[in-house]
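Single-structure report; data block below.
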Amino acid sequence: MKIELEELLAQALAKLAGAALNVEVDRRSIVVERARDAQHGDYASNIAMRLAKAAGLRPRELAGAIVAALPASPLLARAEVAGAGFINFHLASAAQFEALRRVLEMGERYGTSNAGRGRRVLVEFVSANPTGPLHVGHGRQAAYGATLSNLLRATGHAVQREYYINDAGRQVDILTASVWVRYLQAAGSTLPFPQNGYRADYVNAIAASLRALRGTTLEFPAAAVLAGLPADAPAGDKEAYIDALIAKMRALLGAAGYAAVLELALEAMLADIRADLAGFGVEFESWFSERALARSGAVERTLARLHELGQTYEQDGALWLRTTTHGDSEDRVLVRANGAQTYFAPDLSYHMDKRSRGFELMIDVWGADHHGYIDRMRAGLVALGQPGASFEVCLMQFVSLYRGEQKIPMGKRDGQFVTLRQLREEVGNDACRVFYLMRSHDQHLDFDLELAKSRSNDNPVYYLQYAHARVASVMKQLAARGLAYDAAEALASLARLDGPHEAAIITALRAYPDTIALAAVNRTPHTLVHQLRELAQAFHTWYNAAQFIVDDSATRNARLALAQGVQQVLRNGLALLGAGAPDSM
RNA sequence: GCGCCCGUAGCUCAGCUGGACAGAGCACCGGCCUUCUAAGCCGGUGGUCGCAGGUUCGAGUCCUGCCGGGCGCGCCA
């Protein structure tokens with residue numbers, strides 16, 4: 001609709017070009033927007049104000065000339081000059097109802113487009129270390145990544161969702177050692193628990209399954225384990241201690257024994273994470289293992305490629321990447337003086353792998369604390385010959401949990417945090433998904449458990465679902481009264497929908513596809529929540545003001561058509577948000 | 001010190017990529033269930049959009065500088 005109106009404006013301006021107007025007009029500068037206020041009609045353009053100065057005319061004068069030059073169109077009831085020089089468009093009523101017709105015709109496809117033209121996009125999100133259960137912060141990233149993926153799909157992108165498993169780093173070794181110490185302690189060992197270990201309950205659970213699997217075969221006396229180890233904190237260094245403990249564990253159990261514990265711990269954690277996400281309705285097409293990447297030699301190949309390209313240098317025994325030449329604030333280490341790679345090396349290699357799999361665009365969803373890593377990654381990719389624009393990061397600000405006024409503290413290592421699973425069980429999946437998404441991702445989120453549970457306007461998910469259920473209920477009542485919906489009569493009687501409430505709803509229905517498109521392009525799912533809220537509000541207002549099941553069949557069917565249009569769009573929107581659309585509540 | 005995010009009604013936040021009088025929910029006050037779900041609706045109270053400059057016909061929105069809050073700046077992950 002916008003485009004049609006812009007075309008009309010372009011024609012009017014072309015007509016004026018010779019006479020009244022002596023400036024060149026770029027077609028792209030002709031923009032029509034939805035009017036914010038119903039009094040301003042349905043659409044508005046500021047083109048006259050933009051061109052007035054260059055044309056040497058007063059904005060209202062120019063606007064008047066443009067309106068006069070507008071070609072006749074069946075879309076338009078009238079166009080008028082308003083305010084400082086706006087051109088307001090009032091749609092013809094047939095064009096008004098076109099939106100409703102389209103909703104009913106397209107059904108669940110209403111709101112989709114092929115704007116993305118099949119562009120291949122990889123959305124990587126959550127990617128939490130498999131060293132513990134997901135917490136509420138991961139939940140936000142999960143909800144965001146899932147809905148962003150849905151939005152991109154709805155706008156014609158070929159999306160793949162991926163979870164990167166950091167299963168090669170030191171954190172996994174720390175988890176492995178933690179499990180082993182718990183396993184020993186469970187058999188009565190006096191071995192102290194490392195200060196830097198993972199001390200939450202799930203570690204005990206894995207230790208118990210280790211015992212069930214291996215019996216006593218992995219047991220060693222505490223004295224044997226502690227022999228030669230440095231002091232742990234607070235007397236000593238907790239980092240040095242845990243590293244020594246891990247080395248000792250390897251020595252005592254042997255490579256195979258150590259690997260067995262590690263595999264068990266990793267699989268247990270991953271199984272938990274997968275189940276949690278699946279339970280949350282968040283699916284991934286691929287789970288990408290860092291270890292597999294490392295074993296394939298890909299990281300070495302990436303390093304070699306950087307060397308070939310002359311992007312690296314050695315200094316103080318370490319291998320550095322010249323990221324400063326590509327916009328980073330300082331150069332970065334790829335391989336430390338002790339020969340170990342930093343995380344930067346496999347991360348770069350991983351993103352090159354994404355590119356090699358044919359993804360034009362890589363969208364990473366990261367926690368806000370990683371923002372300092374963005375320039376580094378992009379610079380590294382550019383150094384490898386990739387376009388900087390192929391890599392994009394959506395930063396998620398933090399989540400604070402409240403129970404009413406009370407802030408819930410969130411420690412990590414000590415296990416004193418609320419898990420995503422606990423949150424879902426307490427609040428429910430639908431409320432979680434929408435609560436997570438109702439705020440802009442670059443806004444810090446206060447998640448109040450009491451609010452999220454309350455069945456009121458506090459939580460928009462109920463408001464949206466309630467509107468959906470009300471329509472279902474009306475249709476049930478219709479059947480109960482022995483009546484049937486007549487689609488043909490409805491479509492022939494849309495002119496009966498002539499009140500302000502109906503107009504407000506139709507405006508909201510028409511806005512929906514624009515909202516989807518904008519939310520996808522700007523990576524802002526929260527705007528969808530707000531738009532659906534406006535639609536639901538318009539519907540609730542109408543519901544209270546008018547009766548649907550009336551005697552006059554033309555009016556009845558027209559109203560039922562509009563109600564079902566609302567229901568359809570709510571269902572579509574809730575699906576994108578990952579929430580259900582119940583028929584009764 | 002440098003970098004990123006935020007600062008809008010008592011509280012939590014929108015503000016459609018500069019436009020027409022600044023919006024919503026909660027809270028507070030007052031109304032609406034013999035009719036399709038009151039998890040709802042209607043009305044009212046409430047704001048120098050952190051402060052100061054600048055750009056523009058027009059600034060909550062863009063630029064600069066302050067002030068305040070969060071986060072990040074390792075050969076950690």
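Protein chains get the first letters and strands the later ones, always in sequence-line order, with residue 1 at the start of each.
Residue order along RNA chain B, read from the 5' end via each residue's closest nucleotide, puts A:His371 first among A:Asn544 and A:His371. Along RNA chain B, the nucleotide nearest A:Phe548 and the nucleotide nearest A:Ala318 are compared for position; the residue whose nucleotide lies closer to the 5' end is A:Phe548.
One donor-acceptor pair, N or O on each side, does fall under 3.5 Å between the base of B:C16 and the side chain of A:Arg34. Applying the 3.5 Å distance criterion, the base of B:G19 shares a donor-acceptor pair with the side chain of A:Asn46. Residue A:Asp37 places a side-chain atom within donor-acceptor reach of the base of B:C21, judged by atom type and a 3.5 Å distance cut-off alone.
Among the atoms of the strands shown, base atoms are found under 4.0 Å from some heavy atom of A:Asn88. Using a 4.0 Å heavy-atom cutoff across all strands shown, A:Ile549 reaches at least one base atom of the nucleic acid. Heavy atoms of A:Ala44 sit under 4.0 angstrom from at least one base atom. If you check every strand for non-hydrogen atoms under 4.0 Å, A:Gln39 touches nothing. In this structure, A:Phe398 reaches the sugar-phosphate backbone alone: every heavy-atom distance under 4.0 Å involves primed, P, OP1 or OP2 atoms, never a base. As judged by a 4.0 angstrom heavy-atom cut-off over every strand, A:Asn166 is placed among residues making no nucleic acid contact.
When the P atom is compared between B:U48 and B:G60, the two are found 14 Å apart, to the nearest whole Å. Taking atom P in both B:U64 and B:G23, the straight-line distance is 29 Å, to the nearest Å. Spacing between B:C63 and B:C4 at atom P, rounded to whole Å, works out to 11 Å. B:U8 sits 14 Å from B:A59 when the C1' atoms are compared, rounded to a whole Å. Comparing B:C13 with B:C33, their P atoms are spaced 36 Å from each other, to the whole Å. When the C1' atom is compared between B:U61 and B:G50, the two are found 16 Å apart, to the nearest whole Å. Taking atom P in both B:A39 and B:U35, one finds a spacing of 14 Å when rounded to whole Å. B:G46 sits 11 Å from B:G10 when the P atoms are compared, rounded to a whole Å.
A salt bridge does not link A:Arg34 with A:Asp42: none of the charged nitrogens is closer than 4.0 Å to a carboxylate oxygen. A:Arg322 has no carboxylate O lying under 4.0 Å from a charged side-chain N of A:Asp328, or vice versa, which leaves the two without a salt bridge. Taking the charged nitrogens against the carboxylate oxygens, A:Glu489 and A:Arg556 have no contact shorter than 4.0 Å, which rules out a salt bridge. With salt bridges taken as basic N to acidic carboxylate O contacts below 4.0 Å, none links A:Asp232 and A:Lys238.
Under the Watson-Crick or G-U wobble criterion, with both distances below 3.5 Å, B:C4 is paired with B:G70. In a base pair of the Watson-Crick type (N1 to N3 plus N6-O4 or O6-N4) or a G-U wobble (N1-O2 and O6-N3), with each distance short of 3.5 Å, B:U61 is matched with no nucleotide. Nucleotide B:G43: paired with B:C29 (Watson-Crick or G-U wobble, both distances less than 3.5 Å). Across all strands shown, B:A14 remains unpaired; no Watson-Crick or G-U wobble contact has both distances below 3.5 Å. Within the shown strands, nothing qualifies as a pairing partner of B:C49 under the Watson-Crick or G-U definition with both distances less than 3.5 Å. For B:C75, there is no paired nucleotide, since no Watson-Crick or G-U wobble pair has both relevant distances below 3.5 Å. Pair check for B:C36 finds none; no Watson-Crick or G-U wobble contact set falls under 3.5 Å.
A glycosidic torsion no more than 90° from 0 defines the syn conformation; B:C57 lies beyond that range and is anti.
Atom CG in A:Asp328 sits about 13 Å away from atom C1' in B:G72, given to the nearest Å. As rounded to whole Å, 14 Å separates atom P of B:C36 from atom NZ of A:Lys476. Note: NZ (A:Lys53) to C1' (B:U55) measures 11 Å, nearest angstrom.
An aromatic stacking contact between A:Phe86 and the base of B:G19 is absent, as defined here by ring centres under 5.5 Å apart and ring planes under 30° from parallel. Put simply, A:His40 rests on the base of B:A20: the two rings are less than 5.5 Å apart at their centres and nearly parallel, under 30°.
Shown here is A:Arg50, whose CZ atom has no more than 12 heavy atoms of other residues, nucleotides or ligands within 6.0 Å.
Cation-pi geometry between A:Arg470 and A:Phe539 is not met at under 6.0 angstrom from the ring centre and within 45 degrees of the axis.
At a threshold of 4.5 Å between non-hydrogen side-chain atoms, the residues A:Ile174 and A:Arg170 count as touching.
Here B:A38 is the nucleotide among B:A38, B:U17, B:C5 with the atom lying nearest to any side-chain atom of A:Arg470.
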